[in-house]
Amino acid sequence: MTRHYSFFNLLREGLRGHSGWEPAWRDAEPKPSYDAVIIGGGGHCLATAYYLAREHGMTNIAILEKGWIGGGNAGRNTTIIRSNYLYDESAAIYGHALKLWEGLGRELNYNIMMSHRGVLNLAHDDHEARQLKRRVEANRLNSIDSEYLDAKQVKEFCPAISISQDVRYPVIGATLQRRGGVNRHDAVVWGFARAASAMGVDIVQNCEVTGIRAEAGAVTGIDTNRGFIRTPKIASVVAGHSSVVARMVGLRLPIESHPLQALVSEPVKPVLNCVVMSNAVHAYCSQSDKGELVIGAGIDAYLSYTQRGGFDVIEHEIASLLELFPNFSRLRMMRQWGGIVDVCPDASPIISKTGVKGFYVNGGWGTGGWKATPGSGHAFADLVANDEPNGIAAPFAIERFVTGRLVAEHGAAAVAH
Amino acid sequence: MAQRRWRIEGSLSLAVLPFAGDATKLKVQVSSMFIINCPHCGPRDQVEFSYGGEAHRARPLHSEQMSDEEWAEFLFMRANTKGVFAERWNHAAGCRSWFNMLRNTATDEILAIYAIGADLPAEVGGQNPVTPCGEAPIGSGNDAAKIIKDVPLTDKNEAA
């Protein structure tokens with residue numbers, strides 16, 4: 001049986017007709033009880049499971065996924081990785097995540113196709129340029145690499161972009177985070193799943209949670225379509241369904257679920273060498289290794305769980321993209337999809353204990369969750385294992401909505417959420 | 001993409017609801033998302049409307065007596081319902097009037113449109129998901145989870 005992925009083993013298996021590979025991870029049957037159960041089977045869930053097992057020795061745990069792992073927002077995002085947030089608390093968690101991303105492929109022994117190709121955040125007017133320069137300095141104070149480029153330097157770094165000044169939104173500069181980039185979403189999901197499964201974590205698919213049982217203010221177990229599972233700790237990492245799962249323990253969250261659409265073009269030869277984001281025209285774009293342009297923009301304004309979204313948002317998205325890249329106008333779009341994002345009023349996540357003992361919430365990541373995947377899982381695993389948040393998770397406790405703390409990251413995030 | 005702008009008319013027997021204090025009754029049409037039947041202007045594309053969030057939330061009258069928890073509840077906490085949900089809409093690019101709408105957020109099926117301040121219409125026929133996180137057989141884009149509904153249950157599962 002071949003477990004380790006290496007050039008040597010690839011060569012060996014090639015000579016043996018690839019007969020020795022075993023499944024990357026175990027599709028487990030649910031056991032009657034676990035030390036902890038994670039609801040959801042996306043990137044953040046699997047990262048949580050992985051770090052619970054690796055850092056905290058909790059291997060008698062399970063993740064319960066309604067469909068298949070990585071089939072929700074993990075498979076629907078545009079995989080942009082960056083950490084250039086203005087807000088100190090965000091810089092801490094996204095910065096932590098970026099550091100983990102850098103070594104993750106090797107650590108998981110799985111090629112997550114991490115590409116640090118650089119992320120540009122464009123400035124289209126003087127005010128925006130000033131604001132972005134301020135953010136560059138704030139990033140540097142938080143030890144996050146960030147620099148400001150003028151229009152000419154933007155063109156040098158990203159030749160595909162139009163820096164014509166005769167347009168409605170001319171590019172007059174940009175911030176650049178060179179360590180930012182993109183990676184491969186299902187490779188990340190499978191990499192975490194494989195590593196967690198190898199340590200004994202049960203990955204249970206087609207297992208929908210239908211209820212949570214609690215006694216004397218503490219969770220005792222979880223009802224699923226595959227039977228009752230006893231557990232003292234339940235970690236909910238379900239993105240769009242955060243409010244639905246929280247309601248099972250009588251909890252209300254400050255979250256609204258919206259469709260966020262993305263689309264990809266037909267594959268073309270390499271044309272876009274970095275990630276380009278713009279707040280003012282509100283679009284972001286990168287080119288996948290297959291050659292497709294991966295395009296995203298803002299959420300649909302209304303609350304919905306349908307994973308579709310309206311056509312007007314796509315029109316806006318494409319109009320924005322063509323403002324930046326007029327040469328993409330003849331490209332045909334191949335696929336469009338929607339994911340349900342859990343938006344917090346302050347566009348910051350909730351990583352928190354709750355009033356119900358043993359019930360933990362990791363949600364509210366809104367439109368920016370993918371880049372945080374390992375950092376989110378790392379911090380959340382610490383919270384679930386120790387029942388106390390670490391320094392990175394503490395600012396994201398749900399109490400911030402009650403204590404009167406300034407709740408204002410919507411303006412401080414690097415992209416208008 | 002034009003074919004996505006479809007609308008199901010029919011099911012008119014579902015409800016005849018009072019509207020806007022007017023003695024006349026408004027016929028409620030069941031239409032899909034993307035076409036909203038404005039009570040004043042008739043069916044219009046959803047792009048003309050802006051969203052006002054959860055309906056039936058009134059600003060507390062005695063805020064000076066409220067605890068921090070009660071304020072947080074009013075300001076931030078939301079039902080975020082999956083299923084039949086009452087919400088506010090504004091025909092921003094039309095008559096600019098506000099109205100309430102009852103919609104199934106699991107399918108985007110519009111069930112009723114009624115006046116701001118009016119009571120929640122009863123018996124409009126929308127179906128909540130069978131399980132809290134469940135997906136509707138039609139109208140939900142989440143095929144990942146719908147496929148599992150066709151998986152036959154084992155004996156063990158049925159016992160549960």
Side-chain angles (χ1 to χ4, degrees), chain A residues 29 39 65-68 70-72 75 205-211 223-228 238 240-248 252-257 259 300-315 336-338 340 342 344-346 399 401-404 407, chain B residues 1-2 4-5 33-34 45-54 67-73 75-83 85 87 89 101 103-109 129-136 139-149 151 153-154 156-160:
Chain A
E29 286 292 314
I39 307 175
E65 163 58 45
K66 181 171 76 162
W68 55 75
Q205 300 185 112
N206 299 333
C207 185
E208 182 181 326
V209 172
T210 54
D223 285 303
T224 76
N225 63 344
R226 298 176 70 172
F228 175 71
V238 291
H241 282 84
S242 291
S243 305
V244 179
V245 170
R247 195 170 308 122
M248 294 175 184
R252 275 159 67 86
L253 297 177
I255 285 176
E256 285 197 326
S257 298
D300 280 72
Y302 55 86
L303 191 158
S304 181
Y305 288 84
T306 54
Q307 297 189 319
R308 277 196 303 258
F311 187 65
D312 54 308
V313 175
I314 301 173
E315 283 178 316
Q336 169 273 345
W337 63 90
I340 303 303
D342 39 338
C344 255
D346 60 349
E399 282 76 32
F401 295 102
V402 177
T403 55
V407 174
Chain B
M1 299 300 283
R4 291 198 57 188
R5 302 188 176 196
M33 205 56 188
F34 312 130
D45 196 300
Q46 176 232 317
V47 74
E48 294 185 12
F49 297 81
S50 62
Y51 188 60
E54 191 175 324
S67 66
D68 288 348
E69 284 76 16
E70 286 165 334
W71 260 122
E73 176 64 30
L75 284 174
F76 298 122
M77 303 302 163
R78 295 291 181 269
N80 199 18
T81 307
K82 181 173 190 174
F85 181 62
E87 59 197 3
W89 285 82
M101 190 156 105
R103 181 173 58 100
N104 187 342
T105 60
T107 61
D108 281 347
E109 182 187 21
V130 180
T131 53
C133 302
E135 300 298 334
S140 159
N142 192 351
D143 295 320
K146 268 191 284 189
I147 287 161
I148 67 162
K149 302 291 181 228
V151 176
L153 294 171
T154 63
K156 189 179 116 200
N157 295 339
E158 274 162 355

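Sequence lines set the chain letters: A, B, ... in the order given, protein chains first and strands last, and positions in each chain run from 1. All values reported here derive from a predicted model rather than from experimental measurement.
When heavy atoms are compared at a cutoff of 4.5 Å, A/Leu253 approaches chain B solely by way of its backbone atoms N, CA, C and O. Within the 4.5 angstrom heavy-atom criterion, no atom of B/Ala136 approaches chain A. For chain A, no part of B/Phe49 is nearby; none of its heavy atoms comes within less than 4.5 Å.
Chain A forms more heavy-atom pairs under 4.5 Å with one residue of B/Asn80, B/Leu75, B/Asp68 than with any other, namely B/Asn80. Residue with the most contacts toward chain B among A/Gly72, A/Ser257, A/Gly75: A/Ser257 (heavy-atom pairs, distance under 4.5 Å). Top candidate by heavy-atom pairs under 4.5 Å with chain A, chosen from B/Ala79, B/Ala72, B/Gly53, B/Cys133, is B/Cys133. Most heavy-atom pairs under 4.5 Å with chain B, from the set A/Ala246, A/Ala301, A/Gly404, A/Pro254: that is A/Pro254. In terms of non-hydrogen atom pairs under 4.5 Å with chain B, the most contact-rich of A/Ser304, A/Pro259, A/Gly71, A/Gly338 is A/Ser304.
Across all their heavy atoms, B/Lys82 and B/Pro132 have their closest contact at CD-O, 3.7 Å.
Formation of a donor-acceptor pair under 3.5 Å by the B/Thr81 side chain with backbone atoms of B/Gly83 is not found in this model. Looking only at distances, no side-chain donor or acceptor of B/Asn104 sits under 3.5 Å from a matching main-chain atom of B/Glu109.
Applying the ring-ring contact (aromatic ring centres under 6.0 Å, His included) criterion to A/Phe401, with sequence neighbours excluded, gives B/Phe76. With sequence neighbours excluded, no residue forms a side-chain hydrogen bond (donor to acceptor under 3.5 Å, both in side chains) with B/Thr105.
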Open item on the list: Would A/Val238 and A/Lys66 count as a side chain to side chain contact (heavy atoms under 4.5 Å, CB included) here? Give the steps.
Closed with: CA-CA 10 Å; A/Val238 291; A/Lys66 181 171 76 162; over 6 Å; no

